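Everything on this sheet refers to the single structure shown next.
Atoms within a ligand are numbered from 1 in the order they appear, just like the ligands themselves. Small disclaimer: the values here were computed from a predicted structure and weren't measured.
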Amino acid sequence: KMDKDLGQHILKNPGVASAIVQKAHLKQSDHVLEVGPGTGNLTVLILKAAKAVTAVEMDPRMAAELTKRVQGTPEGKRLKVMLGDVIKTELPHFDVCISNTPYQISSPLVFKLLSLPNPPRSCILMFQREFAMRLFAKPGEKLYSRLSVNVQMWAKVSHIMKVGRNNFNPPPQVESNVVRIEPKFPRPQIAYEEWDGLLRIAFVRKNRTLRAGFLGTSAVVELLASNYRLYCAQHDIPVDDSPLDPNQSTTADAETETMDIDGAADDEFKGFSDPDDPDDELPDFFKEMQAAKKVNGANRKKKGRVSELVREKVRKVLEDDTKLADKRARLCDEGDFLKLLYAFNQEGIHFS
Ligand code: SAM
């Protein structure tokens, strides 16, 4: 009996299974991690090409079936089955990861693999088609998103092959693709939380200009201002956070209106906005900020000078330092976001 919640779609086409293992370019000395071995159709092929396999399987019935399948064979001695959720399991070191991935854990698995202290040489992973395509999408392509930039910062991603749904038993709802993810070595020295924090803001609406994304809503400025207050406190930087002159706050209001006009101009890019794109959803902090904004709006006079200072710093970074203010997030590449992060940090603006 198949358990739908575990994404149990057994690969029944032996040609596809052997193509996946072949594309892993295994060496006889390799230790391979297999995620979700199921009944072991990939596992037995990997065991032939590598030195050792650690297979992490959540379903005890599957784990038992796999153990039985290799019992008493010479290969069986080189297989270690770990029972449990791979996301919560402490993993041994391995050279290559191979997985017909249970689709529910696609994103956490990718980030777990990329954040290992000693990342593997490469990962050959099968995903649902759209998720796979987001992994290797380039700036300007429809599926280019926060996931694309994030993953491509830490790894080289390449497409290997399409796999139709009828190669599985039972067939899943959607088609699949196999990708290769090769973590960059040495690992780029960037704080993940900072990088991801910047991308979260930039991709709230990826068709908007960075100016609209960062300055168009007071929620974002307020978030950065509160980070800035914390940063100053931690670094003994004195700040004047006295209440703003009420006349001054009208400047901010005027600016917000300009941003809305900018937003209207985004209509020509409607073809790119994707209601199913999870990156187009507002992150939680943003929703909280919008709720807080109503309260703030009522107390506008109470907003301190730090908000205005931060607004000016952000404007300077976007317009003067990086000249990226008019660029849309969906067209920015990794280099653009790196430039932004560096310039923001130079100004003491942080995202975590
Ligand atoms: N590798 C087999 C194949 O290709 O035929 C099975 C692949 S099936 C798509 C996914 C497998 O992952 C299932 O055996 C399922 O029980 C297992 N699984 C689901 N969630 C898991 C998790 N969080 N950790 C480890 N294994 C998991």
Side-chain angles (χ1 to χ4, degrees), residues 1-24 26 30-50 52-71 75-76 78-92 94 96-116 120 122-132 135 160-181:
K1 179 188 157 282
M2 292 295 166
D3 188 337
K4 281 237 169 67
D5 295 328
L6 292 178
Q8 291 176 333
H9 301 283
I10 300 302
L11 191 54
K12 65 176 188 194
N13 182 338
V16 174
S18 71
I20 289 175
V21 176
Q22 194 212 320
K23 292 289 183 184
L26 294 176
D30 279 340
H31 183 176
V32 176
L33 173 79
E34 191 191 355
V35 175
T39 54
N41 291 346
L42 286 168
T43 325
V44 292
L45 299 176
I46 302 168
L47 280 166
K48 288 201 177 87
V53 177
T54 298
V56 185
E57 173 58 62
M58 184 131 152
D59 183 341
R61 298 164 305 175
M62 291 285 188
E65 193 167 332
L66 171 60
T67 307
K68 212 166 96 192
R69 185 166 176 177
V70 298
Q71 216 162 43
E75 282 90 27
R78 296 185 284 113
L79 171 67
K80 183 179 174 196
V81 180
M82 293 174 80
L83 190 57
D85 178 351
V86 68
I87 303 303
K88 296 177 187 150
T89 303
E90 192 177 327
L91 302 172
F94 52 93
V96 174
C97 174
I98 298 178
S99 178
N100 170 8
T101 312
Y103 58 80
Q104 303 85 338
I105 61 163
S106 301
S107 190
L109 178 64
V110 168
F111 286 104
K112 174 155 187 164
L113 293 171
L114 291 177
S115 64
L116 290 169
S122 82
C123 309
I124 304 293
L125 308 169
M126 177 134 60
F127 293 115
Q128 293 199 339
R129 182 150 302 164
E130 185 174 307
F131 184 86
L135 290 176
I160 295 196
M161 63 182 169
K162 296 181 177 182
V163 181
R165 51 194 290 274
N166 291 321
N167 293 294
F168 301 90
N169 181 25
Q173 300 264 306
V174 294
E175 313 287 316
S176 300
N177 286 55
V178 179
V179 301
R180 178 184 289 119
I181 299 179

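The shortest N or O to N or O distance between H9 and ligand 1 is not under 3.5 Å. Ligand 1 has a nitrogen or oxygen under 3.5 angstrom from a nitrogen or oxygen of Q8. On a distance-only criterion, V86 and ligand 1 share at least one N/O pair closer than 3.5 Å. Every N/O-N/O distance between N41 and ligand 1 stays at or above 3.5 Å. Any N or O atom pair closer than 3.5 Å counts here, and P37 shares at least one such pair with ligand 1. Not one N or O of I105 is nearer than 3.5 Å to an N or O of ligand 1, by distance alone. For ligand 1, the polar-atom distance check finds no N/O of T39 at less than 3.5 Å from any of the ligand's N/O atoms.
Counting only distance, with no hydrogens or angles, the side chain of K23 and the backbone of M161 share no donor-acceptor pair below 3.5 Å. Under a 3.5 Å cut-off, the side chain of R165 and the backbone N or O of E175 do not form any donor-acceptor pair. Using a distance-only test at 3.5 Å, with no hydrogens or angles considered, no donor-acceptor pair links the side chain of E34 to the main chain of I98.
Counting heavy atoms under 4.0 Å from ligand 1, residue Q104 does not touch it at all. At a 4.0 Å heavy-atom cut-off, ligand 1 does not touch S99 at all.
Close approach of ligand 1 to D59 is summarised as follows: ligand atoms under 4.0 Å from at least one heavy atom of the residue are 16 (O). Shown in contact with G84 at under 4.0 Å from a heavy atom are these atoms of ligand 1, numbered in order with element: 24 (N), 25 (C). Residue E34 approaches ligand 1 through these ligand atoms, each under 4.0 Å from one of its heavy atoms: 1 (N). For ligand 1, the atoms sitting less than 4.0 Å from at least one non-hydrogen atom of V56 are 25 (C), 26 (N), numbered in the order shown with element in parentheses.
Looking at atom 23 (N) of ligand 1, its nearest protein heavy atom turns out to be D85 OD1, 2.9 Å. Nearest to atom 12 (O) of ligand 1 among the protein's heavy atoms is G36 CA, 3.2 Å. Residue, atom and distance of the protein heavy atom nearest to atom 16 (O) of ligand 1 are E57 OE2, 2.6 Å. Among all non-hydrogen protein atoms, the one lying nearest atom 8 (S) of ligand 1 is G7 O, 3.4 Å. Taking atom 19 (C) of ligand 1 as the reference point, the nearest protein heavy-atom neighbour is L6 O, 3.1 Å. Scanning all protein heavy atoms for the shortest distance to atom 5 (O) of ligand 1 gives L11 N, 2.8 Å. Scanning the protein for heavy atoms near atom 22 (C) of ligand 1, the closest one is M58 SD, 3.6 Å. Here the heavy atom of the protein found nearest to atom 20 (N) of ligand 1 is P102 CG, 3.6 Å.
The shortest distance between side-chain heavy atoms of L91 and V86 falls below 4.5 Å. Side-chain contact between F127 and V174 is absent, with no heavy-atom pair separated by less than 4.5 Å. Taking the side chain as every heavy atom from C-beta outward, M62 and T39 approach each other to under 4.5 Å. For the pair R69 and V44, the minimum side-chain heavy-atom distance is below 4.5 Å. For the pair I160/R180, a side-chain contact is recorded, criterion being any heavy-atom separation below 4.5 Å from C-beta on.
What you find for L116 and P120 is that their closest heavy atoms are CD1-CD, 4.1 Å.
Summarising the contacts of atom 7 (C) of ligand 1 with L109, I20, N100, the nearest heavy atom is found in N100.
Once rounded to the nearest 0.5 Å, the distance linking OG1 of T67 with CG of L83 reads 9.0 Å.
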Original post:
Do K48 and V21 pass the side chain to side chain contact (heavy atoms under 4.5 Å, CB included) test, and can you show the C-alpha distance, the side-chain angles, and the key distance before you say yes or no?
Top reply: CA-CA 10 Å; K48 288 201 177 87; V21 176; over 6 Å; no

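Exactly one of L113, N100, V178 qualifies for a side-chain contact (heavy atoms from CB on, under 4.5 Å) with L125. That residue is L113.
Aromatic ring orientation, H9 versus Y103: parallel (interplanar angle below 30°, classes split at 30° and 60°).
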